[in-house]
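In what follows, every heavy atom counts, from backbone to side chain, and hydrogens, waters and symmetry copies are set aside.
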Amino acid sequence: MTADPLRISLFEMRLEEIHRRDPLLRYEITIRDFIALFPLKYKHGNLVKPEKPDSFGLDRHVYLKVLVAFGQSFG
């Protein structure tokens, strides 16, 4: 089972917005690399929330915004 491509695009647009609005992120990581930090994963056929990436020191408040964007896109 895969997610609706429209919802995936919506999630990516929300991630881009998070990236653009954060004064530090745009200097630390590109938009494409930021989006790549949150690949969509499935468990037992269900989409699961993205995990906080270990490879990049992401602020808690930014990660919470990502979780909200995920919920709004796929909830």
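Nearest heavy-atom pair, F70 versus V48, reported as atom, atom and distance to 0.1 Å: CZ-O, 3.5 Å. A pairwise comparison of heavy atoms in K52 and L58 identifies CE-O, 3.0 Å as the closest pair. For L24 against D22, the heavy-atom pair with the smallest separation is N-OD1, 2.9 Å.
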Assess the residue pair F34 and E28 against the criterion (side chain to side chain contact (heavy atoms under 4.5 Å, CB included)); give the C-alpha distance rounded to whole Å, side-chain angles, the decisive distance to 0.1 Å, and a yes or no. CA-CA 9 Å; F34 180 70; E28 295 175 345; over 6 Å; no

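Put simply, V66 and Y42 are part of the same group of oily side chains (I, L, V, M, F, W, Y) that touch within less than 4.5 Å, one to the next. Connection of F74 to V68 is not established within any shared hydrophobic cluster, with ILVMFWY side chains joined at heavy-atom distances below 4.5 Å, either directly or through further cluster members.
The side-chain heavy atoms of L37 and Y63, taken from C-beta on, include no pair separated by under 4.5 Å. Side-chain contact between F11 and I35 is absent, with no heavy atoms from C-beta onward closer than 4.5 Å. Side-chain contact check for F38 versus L15: some heavy-atom pair is nearer than 4.5 Å. Side-chain contact between L10 and L6 is absent, with no heavy atoms from C-beta onward closer than 4.5 Å.
Here the straight-line distance linking atom CG of L64 with atom CZ of R60 works out to 5.0 Å at 0.5 Å rounding. Within the model, atoms CD1 of I31 and CD of E17 stand 9.5 Å from one another, a figure rounded to the nearest 0.5 Å.
Proximity of a side-chain donor or acceptor of K41 to a complementary backbone N or O of L47 within less than 3.5 Å is not detected. Under the 3.5 Å distance criterion, the side-chain polar atoms of D59 are left unmatched by any main-chain donor or acceptor of H61. At distances below 3.5 Å, not a single donor-acceptor pair connects side-chain atoms of H19 with backbone N or O atoms of R32. At least one donor-acceptor pair closer than 3.5 Å links the side chain of R7 to the backbone N or O of S73.
Within 6.0 Å of atom CD in Q72, more than 12 heavy atoms from other residues, nucleotides or ligands are found, so the atom counts as buried in its surroundings.
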